[in-house]
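First up is the structure itself, then whatever we jot down about it.
Starting from 1, each residue takes its place in the sequence as its number.
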Amino acid sequence: MNCIILHGMSSYLEDSFGINLSNRIKNMGFNILLPHFPLNEKITLEKWENIAKEYSSFFNNSLVICHSLSTLFILKFLRKYNLSCKALITIAGGYSNEIENEKYIYLKDFIPTIQDFSYAKNNIMHRFSLYSNNDHIFSQKQLLDYISLLDSKPIFLENCGHFGVSSGIKDIPEVEKIIKTIF
């Protein structure tokens, strides 16, 4: 069984919780795939899609774990390429239909449509969303809107921030517990 782990916009997950999470999941018998997308100002939807397409054959019946920007990207990507996965675990996924900070306007193409959310709901059997009370990227409303639109099971973890490098999160053992309920 494959587990595809997708990072956010500012760092690879190996810089935060990715190594420990990968080891946990590998010990459960999964083959781990960690695509690396361009970061920060080098990001475009097209560049991310081109890299993700190299992994297309691994998505169906797999576990996909996404952090931050990739929680938006995965919804658009799966629908566009008519793919699915057995389970989707999102970490710090938030939704707004607009980019509020002009500094990040180059990310506007990543905003999923209602149809992207509907496609995911109809084609992914197991959906979980981890979020925290002190996320500095997405507001609580944006985090809860994402969970509602995806109709995923919310998993609240206190004081984990955005789960990235600046939050200091080096592992998320709750993900292993979630996986054990699915596989």
Side-chain angles (χ1 to χ4, degrees), residues 1-37 39 48 51-52 55 58-78 83-95 110 112 117 120-121 123-138 140 142-183:
M1 180 72 67
N2 293 309
C3 176
I4 304 166
I5 304 175
L6 306 177
H7 63 80
M9 71 170 283
S10 61
S11 67
Y12 301 123
L13 291 178
E14 294 90 335
D15 297 333
S16 60
F17 61 82
I19 292 173
N20 290 321
L21 182 66
S22 294
N23 288 336
R24 282 178 179 281
I25 297 169
K26 191 182 295 182
N27 289 338
M28 296 175 77
F30 284 83
N31 174 44
I32 305 297
L33 302 166
L34 286 161
H36 281 188
F37 302 109
L39 299 174
W48 276 41
I51 291 167
Y55 296 85
F58 297 104
F59 276 91
N60 291 328
N61 292 316
S62 66
L63 165 64
V64 177
I65 300 173
C66 301
H67 174 247
S68 193
L69 184 62
S70 66
T71 67
L72 304 175
F73 169 76
I74 195 64
L75 302 177
K76 297 183 76 64
F77 180 76
L78 291 175
L83 298 169
S84 73
C85 56
K86 182 171 182 169
L88 176 64
I89 299 173
T90 65
I91 301 167
Y95 175 78
F110 283 81
F117 279 102
K121 287 192 296 190
N123 291 283
I124 303 170
M125 184 181 304
H126 305 281
R127 300 175 307 280
F128 297 84
S129 294
L130 283 69
Y131 71 106
S132 190
N133 56 304
N134 58 340
D135 192 309
H136 63 280
I137 302 296
F138 291 118
Q140 287 298 296
Q142 290 168 329
L143 293 165
L144 295 174
D145 284 350
Y146 181 92
I147 292 166
S148 176
L149 288 166
L150 185 58
D151 192 21
S152 57
K153 181 174 182 183
I155 310 290
F156 175 77
L157 299 175
E158 192 169 10
N159 297 323
C160 290
H162 194 63
F163 295 85
V165 174
S166 64
S167 301
I169 303 299
K170 295 293 183 188
D171 195 8
I172 308 174
E174 291 81 2
V175 171
E176 182 178 359
K177 294 174 190 170
I178 293 167
I179 294 169
K180 286 179 178 177
T181 69
I182 303 167
F183 295 94

Query - All pairs passing side chain to side chain donor-acceptor pair (under 3.5 Å) where residues 61-71 contributes a residue, at least two apart - result: Ser68-His162
Query - Spacing of Leu130 atom CG and Leu143 atom CG [to the nearest 0.5 Å] - result: 11.0 Å
Query raised in the report: Passes side chain to side chain contact (heavy atoms under 4.5 Å, CB included), Phe163 versus Leu157? Steps please.
Result: CA-CA 10 Å; Phe163 295 85; Leu157 299 175; 3.8 Å; yes
Query raised in the report: Can you list the residues that meet the salt bridge (Lys or Arg N to Asp or Glu O under 4.0 Å) rule with Lys180, with sequence neighbours excluded?
Result: Glu176
**Report entry** Working for side chain to side chain contact (heavy atoms under 4.5 Å, CB included), residues Ile155 and Ile89
**Finding:** CA-CA 10 Å; Ile155 310 290; Ile89 299 173; over 6 Å; no
Query raised in the report: Do Ile91 and Ile172 come close enough that some side-chain heavy atom pair is under 4.5 Å?
Result: yes
Query - Those residues that, when tested against Phe59, pass ring-ring contact (aromatic ring centres under 6.0 Å, His included) (two or more places apart) - result: Phe77
Query - Contacts of type side chain to side chain contact (heavy atoms under 4.5 Å, CB included), residue Ala87, not counting sequence neighbours - result: Leu63, His126, Ile182, Phe183
**Report entry** Any residue meeting side chain to side chain contact (heavy atoms under 4.5 Å, CB included) with Ser16, in chain and number order, not counting sequence neighbours
**Finding:** Leu13, Val165
Query raised in the report: Does the pair Phe128 and Thr181 meet the rule for a side chain to side chain contact (heavy atoms under 4.5 Å, CB included), with working shown?
Result: CA-CA 11 Å; Phe128 297 84; Thr181 69; 4.2 Å; yes
Query raised in the report: Mind checking what makes salt bridge (Lys or Arg N to Asp or Glu O under 4.0 Å) contact with Lys76, not counting sequence neighbours?
Result: Asp116
**Report entry** side chain to side chain contact (heavy atoms under 4.5 Å, CB included) between Leu6 and Trp48, intermediate numbers included
**Finding:** CA-CA 10 Å; Leu6 306 177; Trp48 276 41; over 6 Å; no
Query raised in the report: Which residues satisfy the side chain to side chain contact (heavy atoms under 4.5 Å, CB included) test with Leu88, sequence neighbours excluded?
Result: Val64, Cys66, Ile74, Leu75, Cys85, Thr90, Ile124, Leu150
Report task. For residues 164-174, pull every pair meeting salt bridge (charged side-chain N to carboxylate O under 4.0 Å, His left out), keeping only residues two or more places apart or in separate chains. Result -> Arg24-Asp171
Report summary line: Distance col, row Leu149:CG vs Leu144:CG, nearest 0.5 angstrom, shows 11.0 Å
Query raised in the report: Tyr146 and Phe138: aromatic ring centres closer than 6.0 Å?
Result: no
Query raised in the report: Taking only residues at least two apart or on different chains, which pairs with a member in residues 148-165 satisfy salt bridge (charged side-chain N to carboxylate O under 4.0 Å, His left out)?
Result: Arg127-Asp151
Query raised in the report: Between CD1 of Ile51 and CZ of Phe37, what distance do you get to the nearest 0.5 Å?
Result: 6.0 Å
Query raised in the report: Rounded to the nearest 0.5 Å, how far apart are CD1 of Ile179 and CE of Met1?
Result: 11.0 Å
Query - Sequence-distant partners of Glu14, side chain to side chain contact (heavy atoms under 4.5 Å, CB included), two or more places apart - result: Tyr12, Ile19, Leu34, His36
Name the atoms and distances for all side-chain donor-acceptor pairs under 3.5 Å in residues 25-33, with sequence neighbours left out.
unit_1, atom_1, unit_2, atom_2, d
Asn27, ND2, Asn23, O, 3.2
Asn31, ND2, Asn2, OD1, 2.8

Requested in this report: Please round to the nearest 0.5 Å and tell me the distance separating atom CD1 of Ile65 and atom OG of Ser22.
Outcome: 8.0 Å
Query raised in the report: Quick one: salt bridge (Lys or Arg N to Asp or Glu O under 4.0 Å) partners of Asp145, sequence neighbours excluded?
Result: Lys141
